[in-house]
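The structure appears right after this line, and notes come after that.
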Amino acid sequence: MRRLVILLLILLPAISNADGEMQLKVRPVLCIIDQRTPHCQMSFLVLWQSVETGYYCLYNDFGQAPLRCWTEQRSGKLSDERTVNREFSYWMAGDDNQSPLAMVVVEVLRMDSNDRRRKRRSRHVWDIL
Amino acid sequence: MRSQIVRIVVVSLMLLASHPSAAGEAQTNSLADETSGASAQGASTPGPQQAASSESRWQLGIALGYGLRTNPLVQSDDIPIIVDIDISWFGDHLFFDNGDLGLTFVDNEYVTTSLVGRINSDRVFFGRTNTKFVSVDLAGQPLSSTFEVSIPDRDYAGELGFELLADGRWGQLQLSAHHDVSGTHNGYDVEFDYGYGWRNQRFYVEPSFGLSFKNEDLNNYYWGVDADETNAALPEYTAGSGVNAFARLQFSYQISRNWSFSFVGEVERLNDEAAGSPIVEEQNIFGYFAGFGYRFR
């Protein structure tokens, strides 16, 4: 049961518009950085599936041009190598290129702080947070 | 006389801390250094400066799981750990960190130094002791009759001291010295702690170790046995100063933005003077905790 809950927590943010006509999945959807590793250098696997065959393009926040377009397709995938240090999105659009059909946000989580006091140690075994 | 000196020091530090340049300038420099070093493939990146400015002053979290800390005292129960609650607030100078109150008066690219008030943690073991009727003494020798043996009670001590924090690519260092200001044990301790963490995305491992010197007054108050606390089964004992050592290993896995799973194991070795006390059964204190944590972000 606990495994199921964990699995849902991981997968839920990665599935966009699951009930709609376009499904977009991105893995991973969480990038963790800190002082020693200020960027994530990752390969993002993007998977999409539509109920209708058509012309679709994949975009992200880093440029106006599409990463890739598919003609007369109803599914596709792309591996996108990227170095990031801020939250960004992938989205699918159709012919009109106006409204996203599905969108997934990749979160960037900084785990440390510039404030050293937040790293104070209390010598208690239960101090794990 | 001593309390007057403490009062003067506290007032002086508060005046120093209220000066905006003391900590503020250093913070700005530190942020500027990080921003210039940041780069990313892609469009406009806000960088750590924005991330830092958006950081909440509050730090709130809760962890649920199971753990235990052994109790070195005779006739005592181990301390179960089910919940860990983290409540902290960090202002420019003042901070509250899970019961510790601090006043930061130096914060630059090398160190952060604060005046810290806290409650001594040695008292925690004395809250889980039992009374027993024994016919042998604590060394196992038979007694002439049955005696009631209770572990002497000890009070919490309010302590005031200085704390120095430093970090870098080489790890994290914490040095602190605290003196009793509540008149409980009238002693002091000096602590050293070093840790180094490795992160690989969601996985994080951090070993750390430290030493804690406890002077005679502190050590004897908690681990000594006074003449008026003795009986045939519990002899008088005077503890001198000593150094405790500890090591700790933390492992955590970040499940999502808010959720994580952590395991931590710890061992602390009591100094010989404390371990030699008739009320102490185990020199090593073991602790562990495994659980799921939720941090409010």
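Below, all heavy atoms of this structure are taken into account, side chains as well, without hydrogens, waters or symmetry copies. Below, chain A is the first sequence line, B the second, and so on; all start at residue 1.
One finds the OG atom of B/S88 at 8.5 Å from the CZ atom of A/R120 (value rounded to the nearest 0.5 Å). Between A/R121 atom CZ and B/R248 atom CZ the span is 7.0 Å, to the nearest 0.5 Å. Rounding to the nearest 0.5 Å places OG of B/S252 at 6.5 Å from CE of A/M111. Taking CZ from B/F95 and CG from A/D115, the interatomic distance works out to 9.0 Å, rounded to the nearest 0.5 Å. In this structure, B/R202 CZ and A/I32 CD1 are separated by 6.0 Å, a value rounded to the nearest 0.5 Å.
For A/Q73, the CD atom counts as densely surrounded, since its 6.0 Å shell holds more than 12 non-hydrogen atoms of other residues, nucleotides or ligands. When the shell of 6.0 Å around OH of B/Y110 is examined, it contains 12 or fewer heavy atoms from other residues, nucleotides or ligands.
Salt bridge annotation for B/D107-A/R117: absent, with no cationic side-chain nitrogen under 4.0 angstrom from a carboxylate oxygen. In summary, A/K119 and B/E206 do not engage in a salt bridge, as defined by a charged side-chain N under 4.0 Å from a carboxylate O.
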Next on the checklist: side-chain hydrogen bond (donor to acceptor under 3.5 Å, both in side chains) for B/R199 and A/T37? Distances and angles first, verdict last.
Outcome noted: CA-CA 8 Å; B/R199 175 172 296 285; A/T37 314; over 6 Å; no
Checklist entry - Given the rule in the side chain to side chain contact (heavy atoms under 4.5 Å, CB included) test, do A/R110 and B/E55 qualify, once you have shown the distances and angles that lead to the verdict? => result CA-CA 10 Å; A/R110 183 166 182 183; B/E55 192 170 40; over 6 Å; no
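Contact of B/V116 with chain A is made through the side chain alone, with heavy-atom distances under 4.5 Å. Interface residue B/T112: backbone and side-chain heavy atoms are both found under 4.5 Å from chain A. For chain A, the nearby part of B/R297 is the side chain; its heavy atoms alone come within less than 4.5 Å.
Contact record, A/R116 with B/N108: NH1-O, 3.0 Å, taken as the closest heavy-atom pair. Looking at every heavy atom in both residues, A/C40 comes nearest to B/Q201 through SG-NE2, 3.2 Å. The two residues B/R169 and A/R36 come nearest to each other via the heavy atoms O-NE, 3.6 Å. In terms of heavy-atom proximity, B/S56 sits nearest to A/R118 at O-NH2, 2.5 Å.
With respect to chain A, the highest number of heavy-atom pairs below 4.5 Å among B/G65, B/S114, B/G195, B/G102 belongs to B/G195. Of the listed residues (B/G210, B/G197, B/S208), the one with the most heavy-atom contacts under 4.5 Å to chain A is B/G197.
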